[in-house]
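Below you'll find the structure, written out as structure tokens, and then a few comments.
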Amino acid sequence: MNAAFMKNWNLRAKMMMILVLFILLPLMLFGILFYRSSQDLVAQRTDKEGLQVLTLVMMNVNQLLMGYESELHDIYDHEDIVRLVSDSNDAASNGKGTAADDSVNRYLRDFLRGKDDLESIYLFTPTHTYFGDFKGSALFVEQYRAHPMWERFINLAVGRAVWLPTYELPPNQYNSKPSHYFAVGMQLKNVFESLQTLGTLLVNVKIDALDKIVGGVQVSPHSVLLISDPQGNLIWTRNPDAYSINLAQYPFFAQIDKREGGIFTADMNGSRYRIGFLRSDYNGWYYVSFVPEADLNAQTNDLKRFLAATAVAFAALFILLAALSSYYITKPIRQMALAMKQIHKDNLELAPLAPSSDEIGVLHSAFNSMRGRITDLIKEVRHISNKEKEAEIRALQAQINPHFVYNTLDAVNWMAIENDQPQISAMITSLSDIMRYAIKPGQQLATIEEELKWARNYAYLQEMRFEEKFEVVFDVQIKETDLKVPRLLLQPYLENSIIHGMEDLEAGGVIRITVRSEGSGDDRKLIVIVQDNGSGIPEHKLQLIKERRSHGIGIYNLDERLKMEYGPGYGVAIHSVHGEGTTVTIVLPYIR
């Protein structure tokens, strides 16, 4: 795992994240897997129960239909009826009438008695229409003529029973609402002589016959059960308005066509369903169940709520435990980190960290010991540094007798004045001021006004020496001239700019000394910048100077001194580009 995004977090946040990721996350993952496994089990159980329901429905419907077919075969095998119909056909073809017509109609009416599920029965011959129908023949004959495919299907079956799709009779004087029926038909043949086709026999079955078997059956609370023929025509549905729909127009029907049974998932009308189906070996009808996945999800809602409540409870518990654990583990570390920051700010006067016997306690003990040692070393270094500076000043003072130098320079100055040499006089005066400032006894700090006066005298002498190859420009942006700065602050940097920066220039050199302030209140700082347009310092040489491995290391002595005296926020920074120039920035405390 890429932990780069955690690099700016504190230790406590990291520990909490680790505890949550490695304890809570696996628990939640297990809950999700368990829930999905439960969903699969619910789906498998529903699929199994759905197929069992379809099988039971199919068996009961097949048994009912076989009974109707058996009753048709009773007519098919009835010798008297076959003979009467045959004689009636022969008589009609010879232009004669016969009394057999009433006998056949009476037989068909008697056939319907006691059969409440059968609406009517018809026998269509080339010459007659026989029927048993209490509503009269007009309604059904109209339907029969509107569906010429019915007779074609029956003829193609060559004597076998054919189950026709459900049809609708519009409202009439017998029913104020549309009514639905399905029919079974077969050819009537003269089985006792030449197997001549005598006509087409049809029995109309009320849809109520299937309602009694299928109407109360449900696989799930919102499931849908359908029965259709192989062409997709609906045979039975709970919704009477759906009989006009042909299932073959839906993509799912292609998956069940010519198959014996199965389960699959499909999208219909914006919802997802588990579709189970069986194909009847008896007449090819399809028994199809549609179970919305919402019903499956509803069965797992209680489990989902339980898992959600458990996850929330465990999440709250683990987060609380993680917070408490990380707090008590990281608290002593945070205390030690705070103490280290205070040491970094030179605040060494801190109460010692509370000891303990664990590993953190060992670190605290070592830190307390180290802090005491650092305090002693800083005091020792400061004492030694002060002694060294005092020794350097005394050594410089001892090298030259100040009075001898002053008297000699004063005599030379008067000689220059008497000989009308104002430049020589000015140079001697500047040199005298420089010497007086440099060897002034007993003072490590001077005012910024004194330091700038020394710098102007030094710059004047160097300009005269190098015949005005360059000029030194002073830009003083502060009004306070009594600010305290280290003595000879500018000497190494001004000298470096003149000796090394301007040596390759013929003319046009500029050294700018800028004095300004920065910040406000207790955070106010004095900024001194020495900038030249000379030859600059090569990058490798500048690196050696920064690493104190070059003869120019003296320019960083002030940096160490300022950091030791006033803290890491003060010191010297050097920026140089070879061939373009050098900029030295000195950050000093604002001391009056």
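If you read the sequence from its start, that first residue is 1, and numbering goes on from there. These numbers come from a predicted model, not from an experiment.
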Under 3.5 Å: donor-acceptor pair, side chain of [X], backbone of [Y]:
{"X": "S70", "Y": "M66", "value": "no"}
{"X": "H147", "Y": "W150", "value": "no"}
{"X": "K206", "Y": "D116", "value": "yes"}
{"X": "N172", "Y": "P170", "value": "yes"}
{"X": "Q249", "Y": "N246", "value": "yes"}
{"X": "T166", "Y": "I235", "value": "yes"}
{"X": "D208", "Y": "D211", "value": "no"}
{"X": "T197", "Y": "G199", "value": "no"}

Practice task
Please lay out, stage by stage, how N62 and S280 fare under the test side-chain contact (heavy atoms from CB on, under 4.5 Å).
Solution key: CA-CA 8 Å; N62 284 347; S280 172; 3.2 Å; yes
Only pairs at least two apart or in different chains count here, so list each salt bridge (Lys or Arg N to Asp or Glu O under 4.0 Å) that has a residue in [range].
{"range": "residues 263-276", "value": "D47-R274, D267-R272, R272-E293"}
{"range": "residues 68-86", "value": "R83-D87"}
{"range": "residues 152-168", "value": "none"}

Looking at [X] and [Y], what are the two nearest heavy atoms and their distance?
{"X": "G569", "Y": "V587", "value": "O-CG1, 3.8 Å"}
{"X": "S176", "Y": "P171", "value": "O-CB, 3.4 Å"}
{"X": "V162", "Y": "A157", "value": "CG2-CB, 3.2 Å"}
{"X": "G185", "Y": "I154", "value": "CA-CD1, 3.8 Å"}
{"X": "G132", "Y": "L112", "value": "O-CD1, 2.9 Å"}
{"X": "G262", "Y": "L51", "value": "O-CD2, 4.1 Å"}

Nearest-0.5 Å distance that lies between atom [atom1] in [X] and atom [atom2] in [Y]:
{"X": "L210", "Y": "T237", "atom1": "CG", "atom2": "OG1", "answer": "11.5 Å"}
{"X": "L54", "Y": "S289", "atom1": "CG", "atom2": "OG", "answer": "4.5 Å"}
{"X": "W163", "Y": "M186", "atom1": "CH2", "atom2": "CE", "answer": "11.0 Å"}
{"X": "S228", "Y": "R279", "atom1": "OG", "atom2": "CZ", "answer": "10.5 Å"}
{"X": "M149", "Y": "Q231", "atom1": "CE", "atom2": "CD", "answer": "8.5 Å"}
{"X": "H78", "Y": "L84", "atom1": "NE2", "atom2": "CG", "answer": "9.0 Å"}

Please examine the side chains of [Y] and [X], heavy atoms only from C-beta on, and report whether any two atoms are closer than 4.5 Å.
{"X": "L278", "Y": "T55", "result": "yes"}
{"X": "Y174", "Y": "L169", "result": "no"}
{"X": "D102", "Y": "V104", "result": "no"}
{"X": "H128", "Y": "F124", "result": "no"}
{"X": "I227", "Y": "V214", "result": "yes"}
{"X": "E119", "Y": "F134", "result": "yes"}
{"X": "I263", "Y": "F277", "result": "no"}
{"X": "L123", "Y": "T129", "result": "no"}

Practice task
Measure up the F253 and Y286 rings against each other and bin them: parallel (under 30°), tilted (30 to 60°), perpendicular (over 60°).
Solution key: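 Aromatic pair F253/Y286 classed perpendicular.
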Practice task
List the steps, then state whether side-chain contact (heavy atoms from CB on, under 4.5 Å) holds for I256 with V288.
Solution key: CA-CA 9 Å; I256 70 175; V288 188; 4.0 Å; yes
Handout entry: Output field: ring centroids H180/Y243 closer than 6.0 Å
Key =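 So the answer is yes for these two rings.
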Practice task
Check whether the ring centres of F140 and Y181 lie less than 6.0 Å apart, and answer yes or no.
Solution key: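 Not under 6.0 Å, so no.
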How about [X]: does its [atom1] atom have over 12 heavy atoms from other parts shown lying under 6.0 Å from it?
{"X": "H222", "atom1": "NE2", "result": "no"}
{"X": "Q255", "atom1": "CD", "result": "yes"}
{"X": "E539", "atom1": "CD", "result": "no"}

Exercise for the section: Could you go through the side-chain contact (heavy atoms from CB on, under 4.5 Å) check for Y130 and L188 one step at a time? Expected result: CA-CA 13 Å; Y130 304 99; L188 181 64; over 6 Å; no
Listed by chain and number, what are the salt bridge (charged side-chain N to carboxylate O under 4.0 Å, His left out) partners of [X], not counting sequence neighbours?
{"X": "R106", "answer": "none"}
{"X": "D522", "answer": "none"}
{"X": "E518", "answer": "R516"}
{"X": "D117", "answer": "K212"}

Practice task
Would you please name every residue forming a side-chain contact (heavy atoms from CB on, under 4.5 Å) with V53, sequence neighbours left out?
Solution key: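 Residues passing side-chain contact (heavy atoms from CB on, under 4.5 Å) with V53: V57, V217, V219.
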Handout entry: side-chain contact (heavy atoms from CB on, under 4.5 Å) partners for F131, two or more places apart
Key =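 Per chain and number, F131 pairs via side-chain contact (heavy atoms from CB on, under 4.5 Å) with Y122, D133, S137.
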Practice task
Check step by step if side-chain contact (heavy atoms from CB on, under 4.5 Å) holds for V205 and L65.
Solution key: CA-CA 10 Å; V205 184; L65 300 183; over 6 Å; no
Handout entry: Set of residues satisfying side chain to side chain donor-acceptor pair (under 3.5 Å) with respect to E151, sequence neighbours excluded
Key =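 Side chain to side chain donor-acceptor pair (under 3.5 Å) check on E151 returns Y144.
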Practice task
Mind checking ring pair (Phe, Tyr, Trp, His ring centres under 6.0 Å) for Y273 and listing every partner two or more places apart, or none if nothing turns up?
Solution key: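 In terms of ring pair (Phe, Tyr, Trp, His ring centres under 6.0 Å), with neighbours along the sequence ignored, Y273 is linked to no residue.
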Problem - Residue list, ring pair (Phe, Tyr, Trp, His ring centres under 6.0 Å) with H575, at least two apart or on another chain - result: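 Scan of H575 (ring pair (Phe, Tyr, Trp, His ring centres under 6.0 Å), adjacent residues dropped) gives none.
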Handout entry: W236 and Y287 side chains, donor-acceptor separation under 3.5 Å
Key =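 Absent: no donor and acceptor within the cut-off.
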Practice task
Establish, for the pair K563 and Y570, whether the NZ or CZ atom is under 6.0 angstrom from the six-membered ring centre and no further than 45 degrees off its axis.
Solution key: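 Output no; distance or angle outside limits.
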